[in-house]
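As the structure is a computational prediction, the values presented were derived from the model and not from experiment. These values consider heavy atoms only, across backbone and side chains, with no hydrogens, waters or symmetry-generated copies.
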Amino acid sequence: MIKEHPCGKEVQSQELDLVDEMRIVLCDDDPRILAQLEKCLTEYFQINHLPQPQYARYLDGESLLNSEEKVDIAFLDVEMTGLSGIHVGD
């Protein structure tokens, strides 16, 4: 079955189902930034009528690297105590 993708291209319906399993990781040493970023992302997916992904929050890069999280998209703070987002993304 062909459906219209939110970005305007046609895709097979099973491709759209993959969004249900998306995992977004947020890593920042400021809990307020984590909450604000998750709120913005949640609103984006709602406004665009997209399935909500799963979110995981981390307060430091070491915790993220030690986790066994499946990560599709990562938002990393560049300046954190310990490992910076640059080092974590490397």
message = I need the single residue from Arg23, Glu21, Lys70 that forms a side chain to side chain donor-acceptor pair (under 3.5 Å) with Gln54. Which is it?
response = Arg23
key: Non-neighbouring partners of Thr42 that pass side-chain hydrogen bond (donor to acceptor under 3.5 Å, both in side chains), sequence neighbours left out   = none
inquiry  = Please tell me whether Ser63 and Asn66 have a donor and an acceptor in their side chains that are separated by less than 3.5 angstrom.
reply    = no
Sequence neighbours left out, cut at 3.5 Å: what donor-acceptor pairs do the side chains of residues 30-41 make with other protein atoms?
| unit_1 | atom_1 | unit_2 | atom_2 | d |
| --- | --- | --- | --- | --- |
| Asp30 | OD1 | Arg32 | N | 2.9 |
| Asp30 | OD1 | Arg32 | NE | 3.2 |
| Asp30 | OD2 | Arg32 | NH2 | 3.0 |
| Glu38 | OE1 | Arg57 | NE | 2.7 |
| Glu38 | OE1 | Arg57 | NH2 | 3.1 |

ask   = Do the side chains of Pro53 and Phe45 get nearer than 4.5 Å, heavy atoms only?
value = yes
note = Looking only at heavy atoms, the pair that brings Cys27 and Gly61 closest together is SG-N, 3.8 Å
key: Main-chain N/O of Leu50 paired with Asn48 side-chain donor or acceptor, under 3.5 Å   = no
key: Sub-4.5 Å side-chain heavy-atom contact between Phe75 and Ile24   = yes
request  = Could you tell me whether the side chain of Asp29 reaches within less than 4.5 Å of the side chain of Asp77, counting heavy atoms only?
outcome  = yes
message = With rounding to the nearest 0.5 angstrom, report the CG to OH distance, Leu76 to Tyr58.
response = 11.5 Å
